[in-house]
Amino acid sequence: MDKLVSLAKRRGFIYPGSEIYGGFSGFWDYGPLGVELKNNIKQLWWRMFVQERDDMCGLDAAIVMNPEAWKASGHVSGFADPLENGKMFNTMLMTSVGAAAEATNAYLRPETAGGIFVNFKNVVDSLHPKLPFGIAQIGKAFRNEIAPRDFIFRAREFEQMEIEYFVRPQEWETAFEEWRKNVHAFNEAVGIASGSVHEVEVADSDRAHYSKRTIDFEFDFPFGRKELSGLAYRTDFDLSAHAKASGVDLSYLEDTGERFVPHVIEPSFGVDRALLALLASAYTEDELGGETRTYLKFNKAVAPIKAAVFPLLKNKPELVAKAREVYAMLKKFVPQIMWDDNGNIGKRYRRQDEIGTPYCITIDFDTLGEKPELKDTVTIRHRDTGEQERVSIDSLVTRVA
Ligand code: ATP
């Protein structure tokens with residue numbers, strides 16, 4: 001874990017929040033590579049669960065909601081953890097909205113799901129989706145965790161990717177099973193080691209009273225086996241509670257004329273925990289060319305940098321010019337390309353290995369035509385094996401993308 005935290009800091013993935021002021025417990029800042037990695041994870045999720053499906057749509061609701069919504073959902077009375085003295089402490093972060101006497105207390109959402117339920121009717125009225133269908137949302141959530149710990153695993157500000165999948169009551173088991181598989185499919189697509197993910201059935205006694213079934217997906221983090229994401233069947237609890245408290249009818253009308261409150265399956269993913277599980281899965285130490293090295297075995301889809309382009313020597317203008325040309329051409333098609341001309345090639349390889357770049361591309365004198373048969377070819381070096389190939393510049397985009 002110490003190695004991961006230090007690599008994340010050193011190479012610009014994750015910094016302690018407000019570090020120059022001594023940090024702020026439970027808050028973390030994502031650096032230049034961290035933000036790319038995080039965006040890639042979110043994009044993969046959005047693509048897989050929203051864009052590639054006909055039965056899903058997206059939403060981006062406000063973080064601050066009418067506090068009545070959190071009363072109805074049970075968070076005001078029940079979203080609490082025990083303090084050392086056994087007293088319960090509500091972990092919703094509070095804020096104040098409006099000026100002076102007008103000010104009202106409000107909460108920073110402790111989960112993104114709330115914004116989905118309060119927009120159920122809006123989405124049904126604007127898109128008229130047929131059951132079963134889901135609404136997905138990615139966004140920040142806040143919890144005043146009593147003891148933030150384990151790096152980004154338990155933070156006070158974090159990000160969630162949540163889905164409320166609305167079904168006819170009798171369909172819940174089929175949908176639950178489908179989403180159970182989807183959770184694994186997503187983990188696999190990200191590159192989270194499947195052998196380290198474990199399903200845990202949450203026992204009746206530990207489940208919320210309205211939930212008929214819950215599975216926790218746990219991951220073998222370096223600090224122990226802990227929850228990565230969750231999947232819950234929440235019946236019609238949320239929609240019914242919001243309907244009752246708001247006085248707005250949140251039932252669904254079938255083509256057959258039947259009217260009822262849909263039931264819901266909720267897959268809930270933590271972006272930061274997925275990123276940490278990915279870092280832990282990708283972190284590799286091996287020996288290459290008689291030297292030990294550290295590298296991140298990211299797949300192409302999540303790697304923050306897809307390829308790095310080097311001129312063999314930085315003091316040869318004709319090499320630099322050609323390398324710049326290749327770099328600019330690639331960047332037009334694949335934006336996440338890095339330029340590096342610092343130090344020798346071996347050092348550049350190691351630097352790219354450490355941030356998980358799948359390919360390094362070197363422009364040398366043969367590229368310029370020193371050996372005529374090699375003109376307009378480059379060396380492409382593969383991160384995991386260290387193997388090098390000679391390929392034509394024309395083939396680079398398909399290789400790297
Ligand atoms: P835990 O038992 O670890 O506190 P939870 O059961 O309270 O988690 P949920 O309320 O189910 O978590 O939230 C859904 C997801 O949001 C979790 O699976 C996790 O990925 C993420 N998450 C929850 N709390 C935090 C946190 N403090 N920091 C980072 N991610 C979190």
Side-chain angles (χ1 to χ4, degrees), residues 7 11-13 32-33 36-37 39-41 43-44 47 188-191 278 281-401:
L7 188 149
R11 300 310 314 273
F13 285 92
L33 290 166
E36 295 291 339
L37 184 62
N39 282 341
N40 291 344
I41 293 172
Q43 268 161 23
L44 216 153
R47 197 183 165 128
E188 211 157 292
V190 169
L278 168 61
S281 303
Y283 186 90
T284 315
E285 287 174 358
D286 71 355
E287 209 169 280
L288 191 69
E291 274 180 61
T292 55
R293 67 158 180 169
T294 300
Y295 71 103
L296 293 173
K297 210 177 198 158
F298 291 144
N299 65 40
K300 250 203 281 191
V302 299
I305 303 293
K306 313 297 181 204
V309 176
F310 317 147
L312 180 66
L313 300 167
K314 76 167 172 187
N315 57 359
K316 295 283 177 217
E318 60 283 23
L319 279 182
V320 173
K322 187 69 187 173
R324 280 280 173 203
E325 202 182 284
V326 172
Y327 170 76
M329 181 278 294
L330 269 180
K331 214 169 164 61
K332 253 198 296 193
F333 295 96
V334 190
Q336 301 112 316
I337 302 288
M338 194 181 261
W339 171 267
D340 193 356
D341 58 9
N342 248 324
N344 64 39
I345 293 282
K347 285 216 179 89
R348 296 178 202 165
Y349 285 159
R350 294 307 148 92
R351 272 203 297 274
Q352 295 301 327
D353 286 348
E354 237 192 356
I355 61 170
T357 306
Y359 305 108
C360 289
I361 295 160
T362 305
I363 282 72
D364 57 20
F365 293 105
D366 289 337
T367 315
L368 303 177
E370 199 166 279
K371 282 201 200 95
E373 69 278 16
L374 292 181
K375 188 165 168 19
D376 287 327
T377 65
V378 295
T379 339
I380 184 163
R381 181 257 192 190
H382 299 259
R383 177 197 60 207
D384 298 357
T385 56
E387 273 166 23
Q388 300 180 19
E389 274 182 276
R390 197 80 202 175
V391 304
S392 74
I393 291 174
D394 291 344
S395 71
L396 284 177
V397 172
T398 34
R399 293 237 173 190
V400 168

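Quick note: numbers below take in every heavy atom, side chains included, and nothing from hydrogens, waters or symmetry partners.
- Within a 6.0 Å radius of CD in Glu387, other residues, nucleotides and ligands contribute 12 heavy atoms or fewer.
- For Val190 against Asn299, the heavy-atom pair with the smallest separation is O-ND2, 3.3 Å.
- Annotation: salt bridge (Lys or Arg N to Asp or Glu O under 4.0 Å) contacts of Asp384 (sequence neighbours excluded): none.
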What verdict does the side-chain contact (heavy atoms from CB on, under 4.5 Å) test give for Tyr283 and Leu7, after you've listed the backbone C-alpha separation in whole Å, the side-chain angles of each residue and the deciding distance to 0.1 Å? CA-CA 10 Å; Tyr283 186 90; Leu7 188 149; 4.1 Å; yes

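- Salt bridge absent: Lys316 and Asp341 never bring a charged side-chain N and a carboxylate O closer than 4.0 Å.
- Residues Arg348 and Thr357 fail the side-chain proximity criterion, which asks for heavy atoms closer than 4.5 Å.
- A salt bridge does not link Asp364 with Lys371: every distance from a Lys NZ or Arg NE/NH1/NH2 to an Asp or Glu carboxylate oxygen is 4.0 Å or more.
- Between Leu33 and Arg11, the shortest heavy-atom distance links the atoms CD1-O, 3.0 Å.
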Acceptor/donor pairs from residues 300-309 side chains to any protein atom, 3.5 angstrom cut, sequence neighbours excluded:
{"residue": "Lys300", "atom": "NZ", "partner": "Arg399", "partner atom": "O", "Å": "2.8"}
{"residue": "Lys300", "atom": "NZ", "partner": "Ala401", "partner atom": "O", "Å": "3.0"}
{"residue": "Lys306", "atom": "NZ", "partner": "Lys300", "partner atom": "O", "Å": "2.9"}
{"residue": "Lys306", "atom": "NZ", "partner": "Ala301", "partner atom": "O", "Å": "3.3"}
{"residue": "Lys306", "atom": "NZ", "partner": "Ala303", "partner atom": "O", "Å": "2.7"}

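- Atom CD of residue Gln388 and atom NE2 of residue His382 lie 9.5 Å apart, to the nearest 0.5 angstrom.
- Remark: Arg47 CZ is loosely packed, at most 12 non-hydrogen atoms of other residues, nucleotides or ligands lying under 6.0 Å away.
- Ion pairing of Glu325 with Lys322 is present here, as a side-chain N (NZ or NE/NH1/NH2) and a carboxylate O approach within less than 4.0 Å.
- With contacts defined as side-chain heavy-atom distances shorter than 4.5 Å, the pair Met338/Ile355 qualifies.
- A distance-only check finds no donor-acceptor pair linking the side chain of Arg350 to the backbone of Arg293 [under 3.5 Å].
- Atom CG of residue Leu37 and atom CG of residue Asn40 lie 6.5 Å apart, to the nearest 0.5 angstrom.
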For side-chain contact (heavy atoms from CB on, under 4.5 Å), just list the numbers for Arg390 and Asp366, CA-CA rounded to whole Å, side-chain angles, deciding distance to a tenth of an Å, and then say yes or no. CA-CA 10 Å; Arg390 197 80 202 175; Asp366 289 337; 3.4 Å; yes

As a quick check of understanding, evaluate side-chain contact (heavy atoms from CB on, under 4.5 Å) for Val378 and Val391, giving each step before the final call. CA-CA 6 Å; Val378 295; Val391 304; 4.1 Å; yes

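- Closest approach of Leu374 and Thr377 over heavy atoms only: O-OG1, 2.5 Å.
- In terms of heavy atoms, Ile380 sits closest to Tyr359 at CD1-CD2, 3.8 Å.
- Side-chain contact between Phe333 and Val400 is absent, with no heavy-atom pair separated by less than 4.5 Å.
- With contacts defined as side-chain heavy-atom distances shorter than 4.5 Å, the pair Met329/Val397 qualifies.
- For Leu313 against Leu319, the heavy-atom pair with the smallest separation is N-CD1, 3.7 Å.
- A donor-acceptor pair under 3.5 Å links the side-chain atoms of Arg351 to the main chain of Asn342, judged by distance alone.
- Taking each heavy atom of Pro317 and Asn315 in turn, the nearest pair found is CD-O, 3.4 Å.
- Within 6.0 Å of atom CD in Glu318, more than 12 heavy atoms from other residues, nucleotides or ligands are found, so the atom counts as buried in its surroundings.
- Using a 4.5 Å heavy-atom threshold, the side chains of Ile337 and Ile361 count as separate.
- Remark: the backbone N or O of Phe298 is paired with a side-chain donor or acceptor of Arg383 at under 3.5 angstrom.
- Using cut-offs of 30° and 60° for the angle between ring planes, the Tyr349 and Phe310 rings count as tilted.
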Starting from the C-alpha separation in whole Å, work towards a yes-or-no answer on side-chain contact (heavy atoms from CB on, under 4.5 Å) for Ile363 and Tyr327. CA-CA 10 Å; Ile363 282 72; Tyr327 170 76; over 6 Å; no

